[in-house]
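Small disclaimer: the values here were computed from a predicted structure and weren't measured.
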Amino acid sequence: MNRARFFLPLLLLAAAIADAHAAEPIATDRPDFVESSQTVGARRTQIETSVAWEKDDDTRTFATPTLLRVGVSDHWELRLEGDGWLRSAGAGERESGVADVSVGAKYHVAGSGEHGPSLAWLLHADLPSGDRALRGHGVRPSVRLVAEWELPHDYALGVMPGLVHESDDDGRRYTAGILGVVVGKAWTERFRTFAEVALPQIARSDDGGTVALLDLGGAWLLSDDVQLDVAYSAGLNQRSPDHGVTVGLSARF
């Protein structure tokens, strides 16, 4: 059975029991690279899932990135994330299966956003849990700080620096930087767009080099608890994927 179908019942269930009278509209961590500084709130659960296609030279990759967020208080949430079912084909080779998952937590800094940026810390650990052909080497921890500013005329600015302790295909460990900068614009109460520069890896050439992307996209609120989004990415250097497209659906309940 195609594992991508696993997410459809979850989304239908979330949409069916979504609270139409939520105090605030859903705030998602997708489709941009820079995460939101907001948590989902106490006793709330949020699913953010998607389909994603990427081209890098002759290699084409299809995945189903999904993030589960569970609020344990107004400032803390637990997170389970992964690329879901993944298929890669190119140069006469094909691989498919379930990708590694990441477990983590987000802490929204109490009091932030009142007289300055809204802040949040994210701690994650990628686990070697996927199918053998797609499994990474060892646990890869990361830490990120998100800062968001509300600007005049319904613009917003987000910045996300971070560090990740990664491993290459041979299992050699190295530390890389992370950086994302996004500018968003709310055109209506239900529709927003964004443009960002994302650097998911800032590393020496011996460690795979720096990956840099230009991301453009938008999101529509179908209700206060359901969001539809789309995004396009283009590589900014030779070490980055050439093109990518994602379409996602998020629901809170």
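Looking at Glu77 and Arg69, a side-chain N of the basic residue comes within less than 4.0 Å of a carboxylate O on the acidic one, giving a salt bridge. Between Asp168 and Arg173, no side-chain nitrogen of the basic residue sits less than 4.0 Å from a carboxylate oxygen of the acidic one, so the salt-bridge criterion is not met.
Scanning both residues, Leu119 and Ala147, for their nearest heavy atoms gives CD2-CB, 3.5 Å. Across every non-hydrogen atom of Pro31 and Gly218, the tightest pair is CG-O, 4.2 Å.
Residues Gln38 and Ser118 meet the side-chain proximity criterion, which asks for heavy atoms closer than 4.5 Å. Within the 4.5 Å cutoff, the side chain of Thr66 has no heavy atoms near those of the Glu48 side chain. When side chains are defined from C-beta on, Asp56 does not count as touching Thr61, because their heavy atoms never get closer than 4.5 Å. You'll find the side chain of Gln46 reaches within 4.5 Å of the side chain of Thr28, heavy atoms only. Contact check for Val226 versus Leu221: no side-chain heavy atoms found under the 4.5 Å cut-off. Side-chain contact between Arg79 and Glu35 is present, with heavy atoms from C-beta onward closer than 4.5 Å. Two residues are said to be in side-chain contact when any heavy atoms from C-beta on lie closer than 4.5 Å; Ile178 and Phe33 meet this criterion. In this structure the side chain of Trp149 reaches within 4.5 angstrom of the side chain of Val159, judged on heavy atoms.
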### Message
With side chain to side chain contact (heavy atoms under 4.5 Å, CB included) as the criterion, how do Trp121 and Arg144 come out once you've worked through the C-alpha distance, each side chain's angles and the decisive distance to 0.1 Å?
### Response
CA-CA 6 Å; Trp121 287 97; Arg144 290 166 287 167; over 6 Å; no
### Query
Do Ser205 and Arg239 pass the side chain to side chain contact (heavy atoms under 4.5 Å, CB included) test, and can you show the C-alpha distance, the side-chain angles, and the key distance before you say yes or no?
CA-CA 10 Å; Ser205 58; Arg239 300 182 187 275; 3.4 Å; yes
### Task
Evaluate side chain to side chain contact (heavy atoms under 4.5 Å, CB included) for Leu236 paired with Leu213, printing each intermediate quantity in order.
CA-CA 5 Å; Leu236 298 178; Leu213 302 164; 5.6 Å; no
### Message
Show, in sequence, the C-alpha distance, side-chain angles and deciding distance for Glu54 and Arg60, and conclude whether the salt bridge (charged side-chain N to carboxylate O under 4.0 Å, His left out) test is met.
### Response
CA-CA 6 Å; Glu54 184 179 274; Arg60 290 166 171 77; over 6 Å; no
### Task
Test Leu151 against His153 for side chain to side chain contact (heavy atoms under 4.5 Å, CB included), laying out the working first.
CA-CA 7 Å; Leu151 304 178; His153 307 296; over 6 Å; no
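Under the rule for a ring pair (Phe, Tyr, Trp, His ring centres under 6.0 Å), the partners of His75 that lie at least two apart in sequence or sit in another chain are His108. Partners of Pro128 under the side chain to side chain contact (heavy atoms under 4.5 Å, CB included) rule, at least two apart in sequence or in another chain, are Arg135, Val139, Arg140.
Applying the side-chain hydrogen bond (donor to acceptor under 3.5 Å, both in side chains) test between Arg30 and each of Ser250, Ser50, Ser36 identifies Ser50 as the sole match. Just one residue in the list Asp29, Leu67, Val103 forms a side-chain contact (heavy atoms from CB on, under 4.5 Å) with Glu81, and that residue is Leu67. Each of Leu157, Asp32, Val197 was scored for a side-chain contact (heavy atoms from CB on, under 4.5 Å) with Val182, with one residue passing: Asp32.
Annotation: salt bridge (charged side-chain N to carboxylate O under 4.0 Å, His left out) contacts involving residues 186-195, sequence neighbours excluded, comprise Arg190-Asp224.
Residue Asp169 places its CG atom among 12 or fewer non-hydrogen atoms of other residues, nucleotides or ligands, all under 6.0 Å distant.
Side-chain rings of Tyr107 and Trp76 approach one another, their centers coming within less than 6.0 Å.
Judged by the 6.0 Å distance and 45° axis criteria, Lys55 is not positioned over the aromatic ring of Trp53.
Hydrophobic clustering (side-chain heavy atoms under 4.5 Å, transitive across Ile, Leu, Val, Met, Phe, Trp, Tyr) groups Val34 together with Leu122. Under the 4.5 Å side-chain heavy-atom criterion for Ile, Leu, Val, Met, Phe, Trp and Tyr, Val51 and Trp220 are members of the same hydrophobic cluster.
Checking Thr175 against His165 by side-chain atom types alone, a donor-acceptor pair falls below 3.5 Å.
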